[in-house]
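Each remark here refers to the structure printed beneath this line.
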Amino acid sequence: MNRLRQLSPVRYLGRLRRSSRAREGKQPATHLIAVIAVTLAALPLSACSDGGGSIIRSWLLKQDGVEKVDVTHSNCTFLDGKDKCSTDVTINLSSNTSPDAVCSLTQKADEELPKKKRIGSHHASLTLTWQYRGTKMTLESHETPIANTASTNKDPSQECEMLNTAAEYAGEDVDEISTSSRRLEIYRGDVDKVPDNLFTRSPSPDKKSRTESWDHFTLNDWSVTTTASSTTTAPDSAAKDVITSISQTPGPTDRSKLLIFFQLGGAEGDDPESEITVGGLGGSPLVGPDTDAAAAVLASTMKQPEISKIKLCASSSKRSTSMDDCIVYTKKNGAIETDSEYFTGRTRDIYEAAKKLS
């Protein structure tokens, strides 16, 4: 017969204490595993967490003229459903870095960055900023392909040509110029007359890719923008005369929203004629612009042969689509069309008032 094993109370209590200590000793290990698991979950599990940004930044900081580099990252989902990384880089350059030096830097990045290992980004978007002759210059969105499958469909020679054109306009009287391979934009701030070098043409008309220019300034309370695209051929003198004439009209009592948007060559650049939108002319969105303010502007523009459409608006939106907000005049053979079924009411009243002023 097996004898039952009996433990004295003292030995039994000792075993309980050892078991309790053993359990207590194991608890920290459990907590440690949990902490490790949480930490790993918080860490980025894909290359997109860095995308090789630190490698790109390190390489850029070694290049001549580079003073500061900021790197950010984002995910892009392609048609195959896979997430691929892009790296956005902002680069501050030394003052008065020449356009040729900027072009050399971007071309060098295109050649050398794809050779670097451990860069998980599909491509890098480089934005370069610097002071040049007193103007803040920005080269926007230079796409550097990293992966073998990356394609930017860009023309490096066009980007450099646009940058060199932009540099010609830099100076103390221009606040900022931004450019890319297809767009050049000038910000002049307040001026006391229409700039002599007003940009009224395509920046790069001979290239296959469509290019456009935007010139912004404020004249006598009027916020003015002129824009031109690839096939535009508009005389500088005509654009200057129209803007000068409009800026000298009395305008409404509230001059805080005055706007001139002069589109040279049409919206798509395939129309040799131009359109002008003048906004902030008082009135109300449902009624249209103030009659006297609108008539003064129409008198200044309707005899200009280069302008095919004139839009006079109560609001200050450059692209207002509400017909209640704007009154539109179109030309035929250089004269305002008056035989349209829409040429009634205030449209006719403003026209008749403009004729008396012209």
Side-chain angles (χ1 to χ4, degrees), residues 44 46-80 82-133 136-168 170 177-185 203-204 206-212:
S46 69
C48 288
S49 61
D50 177 70
S54 57
I55 299 173
I56 295 173
R57 182 176 183 275
S58 176
W59 182 87
L60 284 168
L61 287 172
K62 295 176 183 177
Q63 308 309 308
D64 292 340
V66 175
E67 294 189 343
K68 182 181 178 182
V69 178
D70 292 322
V71 178
T72 58
H73 308 278
S74 60
N75 286 335
C76 296
T77 302
F78 290 77
L79 294 178
D80 58 7
K82 296 180 180 179
D83 284 342
K84 296 181 180 178
C85 306
S86 65
T87 299
D88 297 325
V89 185
T90 301
I91 307 162
N92 292 350
L93 302 175
S94 303
S95 295
N96 293 319
T97 299
S98 70
D100 289 342
V102 176
C103 288
S104 296
L105 174 59
T106 56
Q107 291 169 5
K108 188 176 181 182
D110 291 350
E111 293 171 1
E112 297 194 14
L113 286 179
K115 299 175 184 178
K116 298 288 182 181
K117 296 180 180 180
R118 299 187 302 279
I119 297 182
S121 291
H122 187 259
H123 68 275
S125 178
L126 311 182
T127 295
L128 302 94
T129 65
W130 70 105
Q131 290 289 326
Y132 187 71
R133 298 176 182 172
K136 179 183 178 182
M137 301 287 290
T138 302
L139 175 61
E140 296 182 336
S141 303
H142 173 88
E143 299 293 330
T144 293
I146 303 295
N148 293 333
T149 57
S151 175
T152 60
N153 297 318
K154 67 181 180 182
D155 182 349
S157 64
Q158 180 168 307
E159 183 178 73
C160 290
E161 183 177 323
M162 295 279 280
L163 181 57
N164 276 283
T165 300
E168 294 174 6
I177 302 176
S178 64
T179 186
S180 64
S181 61
R182 297 188 180 184
R183 183 182 179 101
L184 187 154
E185 199 150 4
S204 186
D206 298 329
K207 298 295 182 179
K208 292 181 180 179
S209 299
R210 174 175 176 263
T211 62
E212 58 186 26

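Across all their heavy atoms, Ala124 and Ile56 have their closest contact at CB-CD1, 4.3 Å. Nearest approach of Pro114 to Ala109, heavy atoms of both residues: CD-O, 3.6 Å. Annotation for Glu67 and Ser94: closest pair OE2-OG, 3.3 Å, computed over non-hydrogen atoms.
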### Message
Thr97 vs Tyr132, test: side-chain contact (heavy atoms from CB on, under 4.5 Å). Steps then yes/no.
### Response
CA-CA 7 Å; Thr97 299; Tyr132 187 71; over 6 Å; no
#### Entry: Working for side-chain contact (heavy atoms from CB on, under 4.5 Å), residues Gln107 and Cys160
CA-CA 10 Å; Gln107 291 169 5; Cys160 290; 3.7 Å; yes
#### Entry: Trace of the side-chain contact (heavy atoms from CB on, under 4.5 Å) decision for Ser141 with Ser125
CA-CA 5 Å; Ser141 303; Ser125 178; 4.1 Å; yes
### Task
Mind running side-chain contact (heavy atoms from CB on, under 4.5 Å) on Asp70 and Val89 for me, showing each step along the way?
CA-CA 6 Å; Asp70 292 322; Val89 185; over 6 Å; no
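One distance of note links CD of Glu112 with CH2 of Trp59; it measures 5.0 Å at 0.5 Å rounding. Here the OG atom belonging to Ser180 is positioned 12.0 Å from the NE2 atom belonging to His142, to the nearest 0.5 angstrom. Summarising the geometry, atom CG belonging to Leu184 is positioned 10.5 Å from atom CD belonging to Glu140; distances are rounded to the nearest 0.5 Å. The CZ atom of Arg133 sits 10.0 Å away from atom CD1 of Ile177, with the distance rounded to the nearest 0.5 Å. Here Thr72 contributes atom OG1 and Asp88 contributes atom CG; the two are 4.5 Å apart, rounded to the nearest 0.5 Å. Here the CG atom belonging to Leu60 is positioned 9.5 Å from the CG atom belonging to Leu93, to the nearest 0.5 angstrom.
A side-chain contact (heavy atoms from CB on, under 4.5 Å) with Leu139 holds for exactly one of Thr127, Thr106, Thr129; it is Thr106. A side-chain contact (heavy atoms from CB on, under 4.5 Å) with Leu126 holds for exactly one of Leu105, Ile91, Thr87, Asp110; it is Ile91.
Enclosure of atom CG in Asn96 by more than 12 non-hydrogen atoms of other residues, nucleotides or ligands within 6.0 angstrom is indicated.
You'll find the side chain of Leu128 stays beyond 4.5 Å of the side chain of Thr138, heavy atoms only. A 4.5 Å side-chain heavy-atom check between Gln131 and Met137 finds every atom pair outside the cut-off.
For Asp100, the side chain to side chain contact (heavy atoms under 4.5 Å, CB included) partners two or more places apart in sequence, or in a different chain, are Ser98, Asn164. Residues passing the salt bridge (Lys or Arg N to Asp or Glu O under 4.0 Å) test with Arg183, sequence neighbours excluded: Glu185, Glu212.
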